[in-house]
Amino acid sequence: MEQIDQTLIERYLSRELTPAERNELERREGADPEFRKELNKYRLSFDALKLSQREELKNRFRQRDKMLDQKGNPGASGTKQYVLMMVAAGIISILIAWYFLYTPDRTSDQAKNDSKDSIQIVQSPPVIIDTIKTNPIKIKETEEKEPVKSKNNGQQIFAENFEPYKDESMDPTSRSGEEDLTPRDKFLLSYWDGNSNEAQVAFNTMSPADRQNDNYRFIYANVLMSLNKTYEAGLILTGVQQNHKSMYAAETRFYLGLCNLKAGKVEEARKNLEAYLLEKDVQNKVKAKKMLDEMN
């Protein structure tokens, strides 16, 4: 088989072909028995490699989780002590609040006088009368100055609902050794492990063709959002959404809506989230409905 056919099949199995290229390959698969036979061989090899490498990755993740659990245990006693201290502080605060709530006739001046001569307070009725008169005014002033609780703003909604997109198609499959990983494999592995800074560096070392691939651009936009670079992420997501070539095109609207909210563009966010709810088989419909309710 020619080298160009091998490259075409590899791109097809990696979902990197344009719609026109994919249609041509599938047409050729139906018309050319030799090409179809070769394609099936590649497909079987690709699936077998992916399954074996995925199992290896899962084993590595299990080992990592065990190490993290072991490292986390020594701090348990310190956490218990901290919780006990917080409970004690809460009880003291409640006793202080109860004391002042049920002794409304006392003022800060009287509290000072208590330490000097408690008998003088008992023998000074005018002070008690004045305190009773002024207390309602102080309560009124406090109520007027108390800030009104505002609805969640765009940044709060973003912080509560943003989570980098993940599904099984993003699970990295190349695991022969980290020193042998390609820049693209390093990018996907870093993203899968939640290492956003490493993922950003790896993306910039990828080939120009990979950096222009809308599937990887969507993932990179999520990396930027996790690094609080929502403006740049929004530009990338807008381009991905307009191209309609990414396998994540439906999810693009949800993350673009989050970027809009972070930038204070409420109406644009509303349009993107409403359009997202019309999509089928998407992950974040519950979050999108909740965000729209908070925006109203």
Side-chain angles (χ1 to χ4, degrees), residues 15 57-58 61 64-65 68-69 72 79 147-172 186-204 211 213-296:
R15 301 182 182 181
L57 174 63
K58 289 179 180 178
F61 283 175
R64 181 193 62 185
D65 292 340
L68 290 175
D69 291 341
T79 302
V148 179
K149 293 182 179 179
S150 60
K151 294 183 178 180
N152 286 336
N153 58 36
Q155 293 186 0
Q156 289 174 325
I157 296 176
F158 175 91
E160 292 171 359
N161 294 279
F162 170 70
E163 185 177 1
Y165 179 86
K166 287 185 180 179
D167 64 22
E168 290 186 359
S169 68
M170 293 179 177
D171 187 347
K186 290 179 180 179
F187 169 66
L188 293 175
L189 176 60
S190 297
Y191 178 79
W192 188 262
D193 287 345
N195 299 326
S196 299
N197 288 312
E198 294 180 12
Q200 183 180 25
V201 173
F203 179 86
N204 291 324
R211 291 201 303 271
N213 183 294
D214 280 349
N215 291 331
Y216 300 135
R217 293 177 69 209
F218 171 82
I219 299 174
Y220 183 58
N222 276 258
V223 171
L224 294 175
M225 292 173 72
S226 66
L227 294 173
N228 206 29
K229 298 179 180 181
T230 51
Y231 176 76
E232 186 177 353
L235 295 178
I236 294 175
L237 291 171
T238 299
V240 172
Q241 194 273 325
Q242 292 174 350
N243 290 340
H244 300 289
K245 294 181 180 179
S246 173
M247 61 187 294
Y248 310 113
E251 295 292 342
T252 300
R253 287 193 178 276
F254 175 79
Y255 288 90
L256 187 55
L258 282 170
C259 291
N260 294 149
L261 281 172
K262 190 70 180 295
K265 300 177 180 178
V266 179
E267 289 306 315
E268 292 184 28
R270 193 188 310 277
K271 290 178 182 178
N272 278 307
L273 293 174
E274 289 174 349
Y276 177 77
L277 291 176
L278 299 177
E279 299 283 353
K280 296 180 180 179
D281 300 325
V282 288
Q283 285 191 4
N284 295 293
K285 277 196 173 183
V286 174
K287 283 187 177 181
K289 291 179 181 178
K290 174 175 172 286
M291 291 162 61
L292 285 170
D293 291 339
E294 291 175 346
M295 291 162 58
N296 293 331

Any donor and acceptor pair, going by atom type alone, linking the side chain of [X] with main-chain N or O of [Y] inside 3.5 Å?
{"X": "Asn215", "Y": "Met247", "result": "yes"}
{"X": "Gln242", "Y": "Gly239", "result": "no"}
{"X": "Asp193", "Y": "Asn195", "result": "no"}

Tell me the salt bridge (charged side-chain N to carboxylate O under 4.0 Å, His left out) pairs involving residues 244-254, sequence neighbours left out?
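Found none.
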Pairs satisfying salt bridge (charged side-chain N to carboxylate O under 4.0 Å, His left out), at least one member in residues 275-289, at least two apart:
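Applying salt bridge (charged side-chain N to carboxylate O under 4.0 Å, His left out) to every pair that reaches into residues 275-289, excluding sequence neighbours, yields Glu163-Lys287.
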Specify the closest pair of heavy atoms between Asn222 and Phe162, including all atoms of both residues, with the distance to one decimal.
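It is O-CZ, 3.7 Å.
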Ignoring hydrogens, what is the shortest heavy-atom contact between Ser246 and Val240? Give both atom names and the distance.
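Minimum heavy-atom separation between Ser246 and Val240: CB-CG1, 3.7 Å.
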For the atom pair CG (Leu256) and OG1 (Thr238), what is the distance rounded to the nearest 0.5 Å?
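Spacing of CG (Leu256) from OG1 (Thr238) equals 4.5 Å.
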Can you tell me how far the OH atom of Tyr276 sits from the CG atom of Leu273, to the nearest 0.5 Å?
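If I round to the nearest 0.5 Å, the distance is 9.5 Å.
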Side chains of Asn161 and Leu258: does their closest heavy-atom pair fall under 4.5 Å?
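Yes, side chains in contact.
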Taking the side chain as C-beta and beyond, is there a heavy-atom pair between Phe187 and Gln200 under 4.5 Å?
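Not touching, per the 4.5 Å side-chain cut-off.
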Suppose we screen for side-chain hydrogen bond (donor to acceptor under 3.5 Å, both in side chains). Which residues come up paired with [X], at least two apart in sequence or across chains?
{"X": "Ser196", "result": "Ser226"}
{"X": "Tyr255", "result": "none"}
{"X": "Asn197", "result": "none"}

State plainly whether the residues Arg217 and Asp214 are in salt-bridge range, i.e. N to O under 4.0 Å.
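Judged by the 4.0 Å cut-off on N to carboxylate O distance, Arg217 and Asp214 do form a salt bridge.
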Exercise answer: donor-acceptor pairs, residues 261-271 side-chain atoms, under 3.5 Å, sequence neighbours excluded:
| unit_1 | atom_1 | unit_2 | atom_2 | d |
| --- | --- | --- | --- | --- |
| Lys262 | NZ | Asn228 | OD1 | 2.3 |
| Arg270 | NH1 | Asn296 | OD1 | 2.9 |

Among residues two or more places apart or on two chains, list those pairs meeting ring pair (Phe, Tyr, Trp, His ring centres under 6.0 Å) that have a residue in residues 221-241.
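Sorted result for residues 221-241: empty, none.
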Qualifying ring pair (Phe, Tyr, Trp, His ring centres under 6.0 Å) pairs, either residue in residues 277-296, two or more places apart
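The answer is none; no pair qualifies.
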Verdict with reasoning, Leu292 to Leu277, per side chain to side chain contact (heavy atoms under 4.5 Å, CB included):
CA-CA 10 Å; Leu292 285 170; Leu277 291 176; 3.6 Å; yes
With sequence neighbours excluded, what pairs up with Tyr220 under the ring-ring contact (aromatic ring centres under 6.0 Å, His included) test?
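For Tyr220, the residues satisfying ring-ring contact (aromatic ring centres under 6.0 Å, His included) (neighbours in sequence not counted) are Phe203.
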Could you tell me which residues satisfy ring-ring contact (aromatic ring centres under 6.0 Å, His included) with Tyr165, sequence neighbours excluded, listed by chain and number?
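Checked Tyr165 against ring-ring contact (aromatic ring centres under 6.0 Å, His included); matches are Phe218, Tyr248.
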Using the side chain to side chain contact (heavy atoms under 4.5 Å, CB included) criterion, which residues pair with Lys166? Sequence neighbours excluded.
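Scan of Lys166 (side chain to side chain contact (heavy atoms under 4.5 Å, CB included), adjacent residues dropped) gives Tyr191, Trp192.
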Tell me, please, which residues at least two apart from Ala221 pass side chain to side chain contact (heavy atoms under 4.5 Å, CB included).
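If we apply the side chain to side chain contact (heavy atoms under 4.5 Å, CB included) test to Ala221, skipping adjacent residues, the hits are Ala233, Ile236, Leu237.
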Working for side chain to side chain contact (heavy atoms under 4.5 Å, CB included), residues Leu188 and Ile219:
CA-CA 9 Å; Leu188 293 175; Ile219 299 174; 3.9 Å; yes
Evaluate the criterion side chain to side chain contact (heavy atoms under 4.5 Å, CB included) for residue pair Phe254 and Val282; output intermediate values, then yes/no.
CA-CA 9 Å; Phe254 175 79; Val282 288; over 6 Å; no
Please step through side chain to side chain contact (heavy atoms under 4.5 Å, CB included) for the pair Leu227 and Val223, ending with a clear verdict.
CA-CA 6 Å; Leu227 294 173; Val223 171; 4.2 Å; yes
